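Remarks on the structure that follows.
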Amino acid sequence: QVQLIESGGGLVQAGGSLRLSCAASGRTFSSDAMGWFRQAPGKEREVVGTIMWNGGMTYYVDSVKGRFTISRDNAKNTVYLQMNSLKPEDTAVYYCAAGRGSGWINSPSYWGQGTQVTVSS
């Protein structure tokens, strides 16, 4: 059974940092693109950042550029999201996802269950 399991969420003050992890199991994801999405209350889910299978290309939504860093360790089948200088507007449930192909972010093949990130002002 393929699973993506997120961890590392929590409550942090504005300006603080958190590191999210997404551990994949059930098969190797070294050939998949992976990414982080988030959904705030009352808002649509949005992509936060993505990373290609070899870690060679990354994408970030404008609102997190310079503050968040996505990385992956294929040997551990794990993708990370380092979040610095957190803002209250970063509060959301963060989801890990994986897929293949140029349009994978529109319909990822796999989703994690989500982890809550709350940033207090």
Side-chain angles (χ1 to χ4, degrees):
Q1 182 182 0
V2 175
Q3 287 186 305
L4 300 179
I5 300 176
E6 301 100 333
S7 61
L11 173 64
V12 65
Q13 290 187 330
S17 298
L18 284 174
R19 188 193 195 203
L20 305 183
S21 298
C22 172
S25 62
R27 70 167 178 83
T28 181
F29 280 80
S30 59
S31 297
D32 295 69
M34 300 188 75
W36 290 93
F37 295 69
R38 67 184 179 186
Q39 187 166 21
K43 295 187 178 181
E44 292 187 356
R45 186 154 50 189
E46 66 171 351
V47 60
V48 176
T50 63
I51 186 166
M52 297 306 293
W53 67 273
N54 61 357
M57 184 179 296
T58 57
Y59 161 83
Y60 299 96
V61 68
D62 285 347
S63 59
V64 308
K65 284 181 180 177
R67 300 188 297 122
F68 291 11
T69 303
I70 189 170
S71 62
R72 66 190 295 166
D73 185 337
N74 286 340
K76 296 182 179 180
N77 233 16
T78 300
V79 64
Y80 305 96
L81 185 67
Q82 178 67 45
M83 305 186 294
N84 298 328
S85 302
L86 282 160
K87 303 176 180 180
E89 51 263 43
D90 295 317
T91 295
V93 177
Y94 283 70
Y95 298 89
C96 174
R100 296 182 180 181
S102 59
W104 78 273
I105 63 171
N106 296 316
S107 184
S109 299
Y110 302 100
W111 287 98
Q113 82 287 351
T115 185
Q116 177 70 46
V117 171
T118 304
V119 184
S120 63
S121 57

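What you see is a predicted model; the values in this text were computed from it and never measured. Numbers here are sequence positions counted from 1.
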Checklist entry - Just by distance, with hydrogens left out, do Asp73 and Thr78 show a side-chain donor and acceptor under 3.5 Å apart? => result no
Checklist entry - Would you call Ser107 and Trp104 a side-chain contact if the rule is heavy atoms closer than 4.5 Å? => result no
Checklist entry - Could you walk me through whether Thr115 and Ser7 pass the side chain to side chain contact (heavy atoms under 4.5 Å, CB included) check? => result CA-CA 6 Å; Thr115 185; Ser7 61; over 6 Å; no
Checklist entry - Between the main-chain N or O of Met52 and the side-chain N or O of Tyr59, is there a donor-acceptor pair closer than 3.5 Å? => result no
Checklist entry - Can we call the ring centroids of Phe29 and Trp53 under 6.0 Å apart? => result no
Checklist entry - Can Arg38 be said to sit on top of Tyr95's aromatic six-ring, NZ or CZ under 6.0 Å from centre and within 45° of the ring axis? => result no
Checklist entry - Within the distance-only criterion (no hydrogens, no angle test), does the side chain of Asn77 pair as donor or acceptor with the backbone N or O of Arg27 below 3.5 angstrom? => result yes
Item to check | Arg45 charged N/C atom sitting above Trp36 aromatic ring, 6.0 Å / 45° | outcome: no
Item to check | Separation between OG of Ser25 and CD1 of Ile5, rounded to the nearest 0.5 Å | outcome: 5.0 Å
Item to check | Step-by-step salt bridge (charged side-chain N to carboxylate O under 4.0 Å, His left out) determination, Asp90 to Lys87 | outcome: CA-CA 5 Å; Asp90 295 317; Lys87 303 176 180 180; over 6 Å; no
Item to check | Distance (rounded to the nearest 0.5 Å) between Met83 CE and Ile70 CD1 | outcome: 11.5 Å
Checklist entry - Is a side-chain donor or acceptor of Glu6 paired with a backbone partner of Gln113 at a separation under 3.5 angstrom? => result yes
Checklist outcome for this item: So CG of Asn74 and OG1 of Thr28: to nearest 0.5 Å the spacing works out to 6.5 Å
Item to check | Validation row: Val48, Phe37 side chains within 4.5 angstrom (heavy atoms) | outcome: no
Checklist outcome for this item: Correct closest heavy-atom pair for Lys43 and Gln39 would be O-NE2, 3.1 Å
Checklist entry - So, Thr91 side chain and Glu89 main chain: donor-acceptor pair closer than 3.5 Å or not? => result no
Checklist entry - Could you state the interatomic distance from OG (Ser17) to CD (Gln82), rounded to the nearest 0.5 Å? => result 5.5 Å
Next on the checklist: Can a donor-acceptor pair be found, under 3.5 Å and without considering hydrogens, that links the side chain of Arg67 to the backbone of Ser85?
Outcome noted: yes
Checklist entry - Do Tyr80 and Leu20 have side-chain heavy atoms sitting under 4.5 Å apart? => result no
Checklist entry - Going through the checks in order, is the side chain to side chain contact (heavy atoms under 4.5 Å, CB included) test met by Tyr94 and Leu81? => result CA-CA 10 Å; Tyr94 283 70; Leu81 185 67; 4.2 Å; yes
Item to check | Sidechain-backbone polar pair: Thr50 side chain, Met34 backbone, donor-acceptor under 3.5 Å | outcome: no
Checklist entry - Between CZ of Arg100 and CG of Asp32, what distance do you get to the nearest 0.5 Å? => result 4.5 Å
